[in-house]
Amino acid sequence: MLDIKLNIDFSQLKNKNILITGASGLIGLYFLSSLKNIQKEYNIKVCAWIKNDIEPYLKDFFKDFTVIQGDITDAGLLKSLEPFDFIIHAGYGQPNRFMDDKIKTIKINTLSTMYLLDKLKDEGKFLYISSSEIYSGLDEYHITEKETGKSSTDHPRACYI
């Protein structure tokens, strides 16, 4: 297994505070796992935003982080946050649920992003990232990292993609 600490210079994270949204999803958990390994060494304060209760099997994993729990479209909750040095905003990546509540999904990926940008310190850094639909529309079964989706603009989830 590759040790991420040996391959990345994390010095710019020293004594910083970081917010990760979608912390219980695929992207959020990967970022948190990486930060967990260096958190104490670099004195990093990590806030993990999750919507619902922490799954019982993840409770021990989240104990080293400050957990913010709530709906990320809640403007009051967003406005109450302290400023962050780094924000990693994992966009909403559940296409099947998008079809159930399109407006809520758009708010998560637009309005919430705007509020989060307001919570970034002047010299802060912001990363918006989503894995959803990246391979949508590809016909092949074995997809490589060099390929991207080819969904049409009339696809039912086009505004999401």
Side-chain angles (χ1 to χ4, degrees), residues 1-8 10 12-121 124-136 141 143 145 149 156-157 160-161:
M1 178 183 259
L2 179 66
D3 187 351
I4 195 167
K5 290 189 331 186
L6 301 175
N7 296 294
I8 297 176
F10 289 104
Q12 68 176 315
L13 301 179
K14 189 173 181 102
N15 301 317
K16 302 295 183 185
N17 62 340
I18 301 171
L19 172 65
I20 299 179
T21 68
S24 60
L26 174 74
I27 292 173
L29 285 172
Y30 273 98
F31 274 103
L32 288 173
S33 293
S34 297
L35 291 171
K36 191 176 195 84
N37 292 324
I38 62 162
Q39 185 178 11
K40 289 185 177 122
E41 179 182 347
Y42 288 91
N43 191 36
I44 302 168
K45 179 183 176 190
V46 179
C47 292
W49 190 317
I50 62 170
K51 180 178 180 180
N52 299 313
D53 290 335
I54 298 171
E55 296 292 334
Y57 68 93
L58 288 174
K59 285 197 185 284
D60 190 53
F61 175 81
F62 276 96
K63 73 178 180 353
D64 296 325
F65 306 119
T66 300
V67 175
I68 301 168
Q69 187 176 348
D71 188 334
I72 198 151
T73 63
D74 180 342
L77 185 54
L78 284 160
K79 288 178 182 179
S80 74
L81 297 175
E82 63 183 85
F84 292 92
D85 297 294
F86 294 88
I87 297 175
I88 299 168
H89 181 35
Y92 192 59
Q94 296 185 12
N96 292 335
R97 289 189 181 169
F98 166 71
M99 297 305 288
D100 295 335
D101 193 346
K102 298 172 185 114
I103 299 301
K104 179 98 166 190
T105 303
I106 291 169
K107 282 182 179 180
I108 290 170
N109 293 329
T110 56
L111 276 176
S112 297
T113 303
M114 291 170 49
Y115 281 119
L116 288 169
L117 284 166
D118 287 339
K119 292 302 175 176
L120 195 62
K121 291 183 179 178
K125 297 188 180 183
F126 190 97
L127 173 64
Y128 177 87
I129 187 166
S130 176
S131 61
S132 181
E133 302 285 0
I134 194 163
Y135 302 116
S136 178
Y141 181 72
I143 299 170
E145 291 297 319
R157 296 189 305 250
Y160 177 64
I161 298 167

Inset, instruction - Quick one: list whatever passes side chain to side chain contact (heavy atoms under 4.5 Å, CB included) with N17, sequence neighbours left out. - result: K45, E82, F84, D85, K121
Legend entry - Nearest atoms (heavy-atom pairs only) where D71 meets L77: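 Of all heavy-atom pairs spanning D71 and L77, the closest is O-CD2, 4.3 Å.
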Legend entry - Closest contact, heavy atoms only, G70 versus W49: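 That closest heavy-atom pairing would be O-NE1, 2.8 Å.
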To the nearest 0.5 Å, tell me how far [X] [atom1] sits from [Y] [atom2].
X    : Y    : atom1 : atom2 : value
T73  : L78  : OG1   : CG    : 8.0 Å
L13  : Q39  : CG    : CD    : 11.0 Å
D118 : L81  : CG    : CG    : 11.0 Å
Y128 : T110 : OH    : OG1   : 8.5 Å

With side chains defined as the heavy atoms from C-beta onward, is the minimum distance between [X] and [Y] less than 4.5 Å?
X    : Y    : result
I44  : I38  : yes
K51  : I72  : no
T113 : F126 : yes
Q12  : K125 : yes
I87  : I18  : no
I129 : I88  : yes

Tell me which donor-acceptor pairs under 3.5 Å the side chains of residues 21-30 have, and how far apart each pair is, sequence neighbours excluded?
from	atom 1	to	atom 2	distance (Å)
T21	OG1	H89	ND1	2.7
T21	OG1	A90	N	2.9

Inset, instruction - Kindly indicate, with the supporting measurements, whether the criterion side-chain contact (heavy atoms from CB on, under 4.5 Å) is fulfilled by Y115 and D74. - result: CA-CA 10 Å; Y115 281 119; D74 180 342; over 6 Å; no
Donor-acceptor pairs are to be reported for all side-chain atoms of residues 55-69 against protein atoms at under 3.5 Å, with residues two or more places apart or in another chain.
from	atom 1	to	atom 2	distance (Å)
D64	OD2	K36	NZ	3.1
Q69	NE2	D53	OD1	2.7

Inset, instruction - Please say whether more than 12 non-hydrogen atoms of neighbouring residues, nucleotides or ligands are located less than 6.0 Å from NZ in K119. - result: yes
